[in-house]
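Protein chains get the first letters and strands the later ones, always in sequence-line order, with residue 1 at the start of each. These numbers come from a predicted model, not from an experiment.
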Amino acid sequence: MELSKNYIPSTTEEKWYKHWMDKKYFNSTPDERSPYTVVIPPPNVTGVLHMGHTLNETVQDILVRKARMSGFNACWVPGSDHASIATEAKVVQMLKEKGIDKDTLSREEFLKYAFEWKEKYGGIIYSQIAKLGCSVDWNRTTFTMDDHYYKAVIKVFVDLYNKGLVYRGARMINWDPAAKTALSDEEVEFKDIVGKLYYLKYMLTDNDTEMTDENQESFFNSRLSTANYITIATQRPETIMGDTAICVNPTDERYAHLKGKYAIVPLIYRRIPIIFDEYVDPAFGTGALKVTPAHDINDYNLGLKHNLTVVDTLNEDGTLSEAAQIYVGVERFAARKKILVELKEKGYFIQEEEYPSRLGYSQRSGVVVEPRISTQWFLKMKEMAGPALKAVVDGDIKIHPGEKFLATYKYWLENVKDWCISRQLWWGQQIPAWYDGQGNVFVAETREQAASLKLQALSLQQQNTESLQFEANSLQLSQDADVLDTWFSSWLWPMEVFNGISQPGNKDFDYYYPASVLVTGQDIIFFWVARMIMAGMHYQHVKPFSDVYFTGMVRDKQGRKMSKSLGNSPDLLELIDKYGADSVRFGIMISSPAGNDMLFDEASLEQGRNFTNKLWNALKLVKMWEGRQMSEETKEIVDDHFELSDETKQLFGEIEHLPNETPLDHANLSIAWFANRLQQVRVEVETLYSQFRLNEALKVVYSLIWDDFCSWYLEWVKPGFEQPIEDEVYKRTVRFFEELMQLLHPFMPFITEEIYHLLSEKQDDLCVKQFANIKAANNGVLTEGELLKQVITALRDARNRSQLKPKETIKLFIQSENTGVYKKIESILLKQVNAETIDYVSDTVPGATVVAIEKDKFYMESERKADTEAIKAELLKDLEHQKGFLQSVLKKLQNERFVANAKVEVVVLEQKKQADAEARIKTIKESLANLV
RNA sequence: AGAUCCGUAGCUCAGUUGGUUAGAGUGCUUCCUUGACAUGGAAGAGGUCACCGGUUCGAGUCCGGUCGGGUCUACCA
């Protein structure tokens, strides 16, 4: 078969994903194996995958594929989130573009549009997950508004209400004036801004009768010239109409005389009391605070304490309300400008100064959040927090990387406030609360159950059943118009994807719950992770997952957050088109240290593409050898010619799965070395997996393939041009290649599966091929391989320094006490350093370039005359280095306390270093003497 | 304001319980195209591990402090 010049991902990827699907490898049903469960963090149903998702899904797929290949029944559940605010905003926008105003639609009409929208765009995210190669069980795809899921959410709400954990009340909440809904504390993002602080005059009066005079305005304005006022500082002059007090610190002597007096709000001339509270910091601003209970959380608390009236001067859309009396209907920031103008005109304005501060913005709509008093549903969090905190603190749930997030998690749970769970939206689970006309509320899963609750309530008052029946027909219950916060459904995710809430105790749920690992971004630790733990502990008394792996945030090259507005968020499908899914996975993983933010750079994807090309070309090389094995006759001749030494046989014996029938000496070492090297790396990779250090695991495998396999092993066993290869060497090489592909498969599933099948005819697939047990590596063989590499590199370096062209050959003379080692690798050495002959000498070779490695010396003779000066300089540099090294070793060894206190193996190591360094210095000195 | 992480090669980062004169990728320099791969090969240069002090036979690693940067949390108008 003719293989293309470079690897072409597109056809391969489609072919194999379809094959895996046809074989149902990703589908999981309970069996006798241990489960390995992962639930996907459900992306927004109408969204697209961004780079953060890509990193996340890749990590999960690596873990899931690795588990599937390691004897586990791996089950990865995909799905999506209805994302109430985000989706509703998109639908509203879409309707607006069609010329339809949401307010003109009924709830049912709107939901019809929303579901159409979801059907149209909801599939995008799934196709992207498939493109990336994710091995999810598509039969288990779950949407947070699926029928069973919807019912589960309602069931939980009713249950928590009945337990007294859900309640309804008027509280200060975060209000989004654009989406016109309440938000939870977590949905508010604070940004640093430079605002302004305005200093305003409030007139003082001790008149305890309310001023109603038509002429009050001119009365106060005329008295402004006198000093009879108090100065306050505010950032929000548009809220002064909501002021219901001025507050000063009771210890502040400047204002002690104001006890019992009143201030007059400018422009509307409301008379408000001066109150005293420790809360006010005398050092800040003027030490006098205007109190606006309706529009500031602190003022609200002050208002509660001092029994102040609440004047809400804003409408739900952020315009000024009737209660503001002036500028009614004007948008809040426009009103601020107009009011400032009027304050200046009338003389109430003193000065303004720049003031750095933080402002809360809606995570979804991006507008400035308005603190607002509103009647909402809340979940008591204190009761939920305890077990969730314990599960993590006790180590039942392990967080990776741990130390970094434990403190944050703990602090949040210990200081958690009640969760506002109602949203003034239509897209979501409608709150199962029904109101009668008399201000009673009935919480139940269905209208019928709510009605029967009402009947029960009535029956307590009325014993007459006939009249009760009459009442039931005219109950006129109306359901709460609001829906629940999206996170109030997502927190059930690990349970309800297996119907654990709607059908508790079902077979799947018992088998798959709890999940093995949760992989998610650290930005939703409170939104989602903590709350899933709460729900899991509350309903199952069992953690929802054993490990949490936090991926870092994906940023651009300059370290900026990826965002649509910056245009620095690349399109995943374009990247896959350009580089292939394997390269995208490689690129994002290789530069992604666990838990740290990663800077995304397309260069790392190029590195991935180059890697796939390298793999492809290694395949081409090996395929060239196929069918070029030796004939039986040639093989006999060759085997006869090369008698195996006992040493080599011994070396071979260390690898139990190597054949008894052995090929050539050099291949002997090559195969033995690589077999051991492979085992060594497998041990390393296992450890890294268990520590979730996936990027390091990938680096190790990458280097094993590129450096050890391609650059060394393949070169060592490579036959001469158009020469045959030994049968056994060919088979071993194919086998190594297969094992490497298996090791790499979780990271780069497509190309590895392709190469696995191209290497030889196969019945099985890499996707489900089980890893063989790891064998212990033999250090002696590894050391021998390392020595060979070292010798080759040093000789090549010497060639370079002598400015020898690659084609120019050398004559090599080896002076060593242990020639046996080198005789074994002669054929490799010849090839790798382009020598025509190798001879063994017991003395120096005059006029040759000398290279010293450990205690051995290598003389290199060539046509070209050696540059003795350059070589001398090199040797002197090396000598200096060795001398310095020896000195530092001696310093330790001569220190009695070191010898006494350090571990024995450390001391032994130092002694060996000393001996090696001394021997090497001797060799270098001899070489230098030889030069003259 | 509190918490927390970070500061190692030009750049992005590894460096696991302290123990070779500190590693990788990328970039850079030199050389190399009929022989799997120029999306490549061979080789090389490049670091006072932010700074100061302490513990120790021994510190990039542990402790304290300083400076610089990030992130999260918090009700100072």
Side-chain angles (χ1 to χ4, degrees), chain A residues 3 5-7 172 190 197 232-236 247 279-281 283-286 288-292 296-302 355 357-358 371 401 403-408 410-412 415 522-523 525-526 553 557 559 590-591 593 595-599 601 603-604 606-607 609-625 687-688 691 693 695-696 699 702-703 710-711 714-715 718 720-722 792-793 796-801 803-807 881-882 884-885 887-889 891-892 895-903 905-907 909-910 912-913 916:
Chain A
L3 294 176
K5 185 176 186 303
N6 291 327
Y7 172 64
M172 178 69 80
F190 286 89
L197 204 53
I232 61 95
T234 179
Q235 285 193 81
R236 304 199 57 189
C247 189
Y279 166 75
V280 176
D281 175 5
F284 189 91
T286 61
L289 169 71
K290 76 182 198 63
V291 186
T292 323
D296 185 283
I297 181 68
N298 307 303
D299 293 11
Y300 177 69
N301 291 334
L302 268 179
Y355 178 70
S357 131
R358 300 195 81 195
E403 23 4 293
K404 206 164 174 174
F405 296 107
L406 192 61
T408 321
K410 225 178 129 181
Y411 185 87
W412 188 76
N415 296 281
Q522 49 192 272
D523 49 330
I525 181 167
F526 306 130
M553 183 116 62
K557 236 166 144 175
I590 201 80
S591 50
N596 282 338
D597 288 358
M598 67 157 291
L599 304 187
D601 186 349
S604 67
E606 261 176 61
Q607 196 192 340
R609 187 199 52 195
N610 296 353
F611 186 39
T612 60
N613 190 49
K614 187 73 183 175
L615 292 171
W616 191 248
N617 278 290
L619 171 73
K620 274 163 65 181
L621 176 67
V622 173
K623 290 306 277 184
M624 273 172 55
W625 301 342
T687 311
L688 291 169
Q691 298 167 334
R693 293 158 73 174
N695 72 315
E696 284 176 60
K699 275 179 192 170
Y702 172 81
S703 163
C710 294
S711 297
L714 287 180
E715 292 299 332
K718 188 192 243 178
F721 185 55
E722 292 193 336
I792 292 169
T793 304
R796 282 172 173 172
D797 183 29
R799 288 184 57 111
N800 255 342
R801 288 181 196 286
Q803 296 186 305
L804 284 174
K805 298 276 175 200
K807 281 180 184 166
H881 179 263
Q882 290 299 331
F885 178 66
Q887 210 167 0
S888 79
V889 172
K891 199 175 145 196
K892 281 187 205 172
N895 184 333
E896 280 168 29
R897 292 208 281 175
F898 169 74
V899 181
N901 293 330
K903 279 180 279 183
E905 54 265 36
V906 175
V907 178
L909 190 71
E910 291 300 317
K912 187 182 179 302
K913 279 194 237 164
D916 289 350

Close N/O contacts between protein and nucleotides 16-20 of chain B (under 3.5 Å):
unit_1 : atom_1 : unit_2 : atom_2 : d
B:U16  : O2     : A:R693 : NH1    : 3.4

Would A:L615 and A:Y7 count as a side-chain contact (heavy atoms from CB on, under 4.5 Å) if you check the C-alpha gap in whole Å, the side-chain angles of each, and the deciding distance to 0.1 Å? CA-CA 9 Å; A:L615 292 171; A:Y7 172 64; over 6 Å; no
Intermediate values then yes/no, ring-ring contact (aromatic ring centres under 6.0 Å, His included), A:F284 and A:Y355: CA-CA 12 Å; A:F284 189 91; A:Y355 178 70; 5.7 Å; yes
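Among the atoms of the strands shown, none is found under 4.0 Å from any heavy atom of A:Y300. Using a 4.0 Å heavy-atom cutoff across all strands shown, A:C710 reaches at least one base atom of the nucleic acid. At a threshold of 4.0 angstrom between heavy atoms, the contacts of A:L289 include nucleobase atoms, whether or not backbone atoms are also involved. Among the atoms of the strands shown, base atoms are found under 4.0 Å from some heavy atom of A:F284. Contacts of A:S591 with the nucleic acid, taken as non-hydrogen atoms under 4.0 Å apart, are absent. Residue contacts shown for A:R358 include a base, since a base heavy atom lies under 4.0 Å away.
The CZ atom of A:F611 sits 8.0 Å away from atom SG of A:C710, with the distance rounded to the nearest 0.5 Å. For the atom pair CG of A:L688 and CG of A:N695, the computed distance is 9.0 Å after rounding to the nearest 0.5 Å.
Between A:V907 and A:F898, some side-chain heavy-atom pair lies under the 4.5 Å cut-off. Using a 4.5 Å heavy-atom threshold, the side chains of A:D281 and A:L289 count as separate. You'll find the side chain of A:K913 reaches within 4.5 Å of the side chain of A:E910, heavy atoms only.
Every residue two or more places apart in sequence or in another chain that forms a side-chain hydrogen bond (donor to acceptor under 3.5 Å, both in side chains) with A:Q607 is listed here: A:Y702. For A:E696, the salt bridge (charged side-chain N to carboxylate O under 4.0 Å, His left out) partners two or more places apart in sequence, or in a different chain, are A:R693. The salt bridge (charged side-chain N to carboxylate O under 4.0 Å, His left out) search around A:K912 returns A:D916, not counting sequence neighbours.
Comparing the C1' positions of B:G27 and B:G46 gives an interatomic distance of 11 Å, to the nearest angstrom. If you take atom C1' in B:U8 and the same atom in B:C76, they sit 41 Å apart, rounded to whole Å. B:U4 and B:G64: their P atoms are spaced 11 Å apart (whole Å). Nucleotides B:G44 and B:A38 have their P atoms positioned 23 Å apart, rounded to a whole Å. Between the P atoms of B:G41 and B:C67, the separation comes to 48 Å (whole Å). A gap of 40 Å separates the C1' atoms of B:C5 and B:G40, to the nearest Å. Distance noted for atom C1' between B:U16 and B:C62: 15 Å (whole Å). The P atoms of B:G47 and B:A24 are separated by 15 Å, rounded to the nearest whole Å.
In this structure, the CG atom of A:L621 is 12 Å from the P atom of B:G35, given to the nearest Å. Atom-to-atom, CG of A:N895 to P of B:A59 comes out at 11 Å; the value is rounded to the nearest Å. When the C1' atom of B:C5 is taken as reference, atom CD1 of A:I525 falls 14 Å away, rounded to whole Å. The separation between A:Q522 atom CD and B:C72 atom P is 9 Å, rounded to whole Å. In this structure, A:M172 places its CE atom 11 Å from C1' of B:C75, rounding to the nearest Å. The NZ atom of A:K699 sits 14 Å away from the P atom of B:U12 (whole-angstrom rounding). Across the protein-nucleic acid pair, A:N298 atom CG and B:A77 atom P stand 8 Å apart, rounded to whole Å. A:K410 has its NZ atom 19 Å from the P atom of B:G2, to the nearest Å.
What you find for A:R236 and A:P371 is that their closest heavy atoms are NH1-CD, 4.4 Å. Here the closest non-hydrogen pair linking A:K5 and A:W616 is O-CD1, 3.8 Å.
Nearest nucleotide to the A:K805 side chain, out of B:C32, B:C76, B:U73: B:C32. Taking every side-chain heavy atom of A:E696 into account, B:A14 is the closest of B:U12, B:A14, B:C76. Of the candidates B:U12, B:U73, B:U34, B:U34 carries the atom nearest the A:K807 side chain, counting heavy atoms from C-beta on.
Distance alone, capped at 3.5 Å, is enough to place a donor-acceptor pair between the A:D296 side chain and the A:D299 backbone.
Summary of the strand contacts: A:Y702 and A:Q882 both lie near RNA chain B, and taking for each the nucleotide with the nearest heavy atom, the more 5' one is attributed to A:Q882. Closest-nucleotide positions on RNA chain B for A:D281 and A:A603 were compared, and the one nearer the 5' end corresponds to A:A603.
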Here RNA chain B, pairs taken as Watson-Crick or G-U under 3.5 Å and shown with ( ), [ ] when crossing and | when to another strand, reads (((((((..((((.....[...)))).(((((.......))))).....(((((..]....))))))))))))....
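With a 6.0 Å radius and a threshold of 12 heavy atoms from other residues, nucleotides or ligands, A:E896 has its CD atom at or below the threshold.
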Summary of protein contacts for nucleotides 37-49 of chain B, nucleotide by nucleotide, where a base hit scores B, a sugar-phosphate-only hit scores S (4.0 Å, heavy atoms): BSBSSBSSS----
